[in-house]
Number of protein chains: 2
Amino acid sequence: MRRLSWMNTRVERRQRTEARILAAARQLFGEHGYDRTTIRAIATAAGSDPGLVMRYFGSKEKLFAQAASIPADGPIKGSPEQIAEQLTAALTQKLTEEPAASLAALRAMFSHPEAAEEVRAAMTAQQRQIAEQLPGEDAVLRSGVIGALTLGLVIGRHLVRLDGLDASPGEVMTVAGPLIGELTNGTGRSADGRGQARHPS
Amino acid sequence: MRRLSWMNTRVERRQRTEARILAAARQLFGEHGYDRTTIRAIATAAGSDPGLVMRYFGSKEKLFAQAASIPADGPIKGSPEQIAEQLTAALTQKLTEEPAASLAALRAMFSHPEAAEEVRAAMTAQQRQIAEQLPGEDAVLRSGVIGALTLGLVIGRHLVRLDGLDASPGEVMTVAGPLIGELTNGTGRSADGRGQARHPS
DNA sequence: GTCTATAAAGTGATAGAC
DNA sequence: GTCTATCACTTTATAGAC
């Protein structure tokens with residue numbers, strides 16, 4: 001049994017180091033993009049060594065693939081009103097705390113084709129799903145605008161730090177929520193606009 | 001006079017080469033970002049030579065500064081309705097044909113800090129200008145959402161090629177126009193929504 | 001198992017030949 | 001004036017010392 005516990009601590013040590021490297025990779029990829037993040041910088045930030053990083057993850061590309069991922073939002077279903085509610089909730093969460101892995105993928109997508117594919121796949125999957133359930137001939141277009149609005153808000157807040165978007169998620173959603181309501185049911189009138197999102201106070 | 005005409009052709013030749021290099025730089029920076037665009041690739045695309053590129057522009061950084069720029073939209077002034085109209089027109093144009101220089105700056109901004117500053121400066125200048133003239137306590141926030149929507153639409157169409165955004169600019173504006181109208185006057189009701197933008201057919 | 005030393009390739013920039 | 005050859009440097013990735 002002594003051997004097992006010994007192996008355990010060693011395996012655990014290795015797993016902890018791997019996790020530290022992965023966390024450092026996520027942060028640096030998210031801050032500086034793919035090309036400007038070097039294996040050396042990741043190793044240093046993780047208190048480790050470039051050689052180990054390569055040994056654990058095989059290549060920079062594979063490390064990035066593990067570090068940057070877009071978690072698919074749960075399936076979105078129901079009436080336009082229900083869809084709007086689910087979209088609003090998902091967007092609120094993205095504004096509150098977008099995970100480092102997503103930010104890494106989002107930043108890298110503009111210079112790293114594989115990251116672009118990752119994000120595109122996640123976004124088009126959700127958009128298609130939404131478009132199928134929305135009324136109106138221009139459902140595909142409207143779900144595209146929903147995607148653009150979401151992308152703009154997330155990028156504007158977390159990556160570009162656009163003026164005015166540093167308000168609380170609740171405040172931002174007070175403005176953005178009604179737009180989503182409008183886009184889901186195809187008219188600016190029937191959803192009562194402003195009331196759709198909760199006020200922060 | 002013979003010398004003058006001789007100089008002219010030579011100066012012209014040089015200017016033409018410079019223009020070709022600049023055009024190639026814009027296109028490649030816009031397609032692959034700053035880091036992945038090499039001086040060598042630009043020179044080849046322009047049918048020229050890496051040494052000449054350096055000689056003409058001094059450095060890759062200076063070449064990028066000349067190639068990637070965000071033209072400031074004209075000053076935006078007037079009542080909320082007029083502002084909405086000007087914003088709609090500007091956005092329509094950005095959707096119709098965003099110049100290569102802007103696309104280069106937009107793509108590079110996520111990995112190249114100086115490009116980020118370029119875009120941020122242009123966007124915050126316009127947003128501040130708009131926020132000053134909009135009614136409501138949350139004018140700054142609303143102009144921020146306008147910026148995010150614009151950014152999302154331009155990026156979604158030209159850079160990410162989001163599903164559904166490949167419609168004609170007129171069709172896209174049929175959906176996005178009312179949102180801008182709603183954001184400028186602070187309510188989803190008073191602007192008549194859909195009627196704001198022209199239909200394509 | 002961990003890390004140092006180095007290899008191989010590609011970059012921006014420069015000097016100097018035509 | 002135009003372009004070739006090369007420098008100095010940095011990158012990922014590997015081989016081998018401890």
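Scope of the values below: all heavy atoms of this structure, side chains included, with no hydrogens, waters or symmetry mates. Computed from a predicted model, the values in this text were never measured in an experiment. Below, read A as the first sequence line, B as the second, and so on, with proteins coming before strands; counting in each chain starts at 1.
The shortest non-hydrogen separation linking A:His32 to A:Thr37 is CB-OG1, 3.8 Å.
Computed from coordinates, the A:Ile39 CD1 to C:dC3 C1' distance equals 15 Å when rounded to whole Å. Taking atom CZ on A:Arg55 and atom P on D:dT14, their separation rounds to 11 Å, with Å as the unit. Atom-to-atom, CG of B:Asp49 to C1' of C:dT14 comes out at 13 Å; the value is rounded to the nearest Å. A straight line from CD1 of A:Ile42 to C1' of C:dC3 spans 18 Å, rounded to a whole angstrom. One can place CG of A:Leu52 at 6 Å from P of C:dT2, the figure rounded to the nearest angstrom. In this structure, the CD atom of B:Glu12 is 16 Å from the C1' atom of D:dG1, given to the nearest Å.
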Item checked: Chi angles and distances behind the side-chain hydrogen bond (donor to acceptor under 3.5 Å, both in side chains) call for B:Gln86, B:Gln82 -> CA-CA 6 Å; B:Gln86 294 167 48; B:Gln82 291 173 316; 5.6 Å; no

Next item on the list: Could you give me the CA-CA distance, side-chain angles and deciding distance for A:Asn185 and A:Glu81, then say whether side-chain hydrogen bond (donor to acceptor under 3.5 Å, both in side chains) is met?
Entry: CA-CA 7 Å; A:Asn185 62 29; A:Glu81 286 77 17; 4.6 Å; no

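Taking B:Gln129 as the reference, B:Pro75, B:Gln133 meet the side chain to side chain contact (heavy atoms under 4.5 Å, CB included) condition, with sequence neighbours excluded. For B:Lys60, the salt bridge (Lys or Arg N to Asp or Glu O under 4.0 Å) criterion is met by no residue, not counting sequence neighbours. In this view, A:Glu18 and A:Arg14 satisfy the salt bridge (Lys or Arg N to Asp or Glu O under 4.0 Å) rule, not counting sequence neighbours.
Residues B:Glu31 and B:Gln27 bring a donor and an acceptor atom of their side chains to less than 3.5 Å of each other.
Closest contact between the side chain of B:Thr38 and the listed nucleotides C:dT11, C:dT4, D:dC3 involves C:dT11. Side-chain atoms of B:Tyr56 lie closest to D:dT2 of the nucleotides C:dT11, D:dT2, C:dC3. Among the nucleotides C:dC3, C:dA13, D:dC3, the one closest to the side chain of B:Met54 is C:dA13. In the set C:dA13, D:dA13, D:dT4, the nucleotide with an atom closest to the side chain of A:Ser59 is D:dA13.
Using a 4.0 Å cut-off between charged nitrogen and carboxylate oxygen, B:Asp166 and B:Arg161 do not count as a salt-bridge pair.
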Kindly give the atom pairs (protein nitrogen or oxygen, nucleotide nitrogen or oxygen) under 3.5 Å for nucleotides 5-7 of chain C.
none

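Note on residues 70-126 of chain A: pairs passing ring-ring contact (aromatic ring centres under 6.0 Å, His included), not counting sequence neighbours, are A:Tyr34-A:His112, A:Phe64-A:His112, A:Phe110-B:Phe110.
Of all the residues in residues 16-36 of chain B, not one reaches under 4.0 Å from DNA chain D with any non-hydrogen atom.
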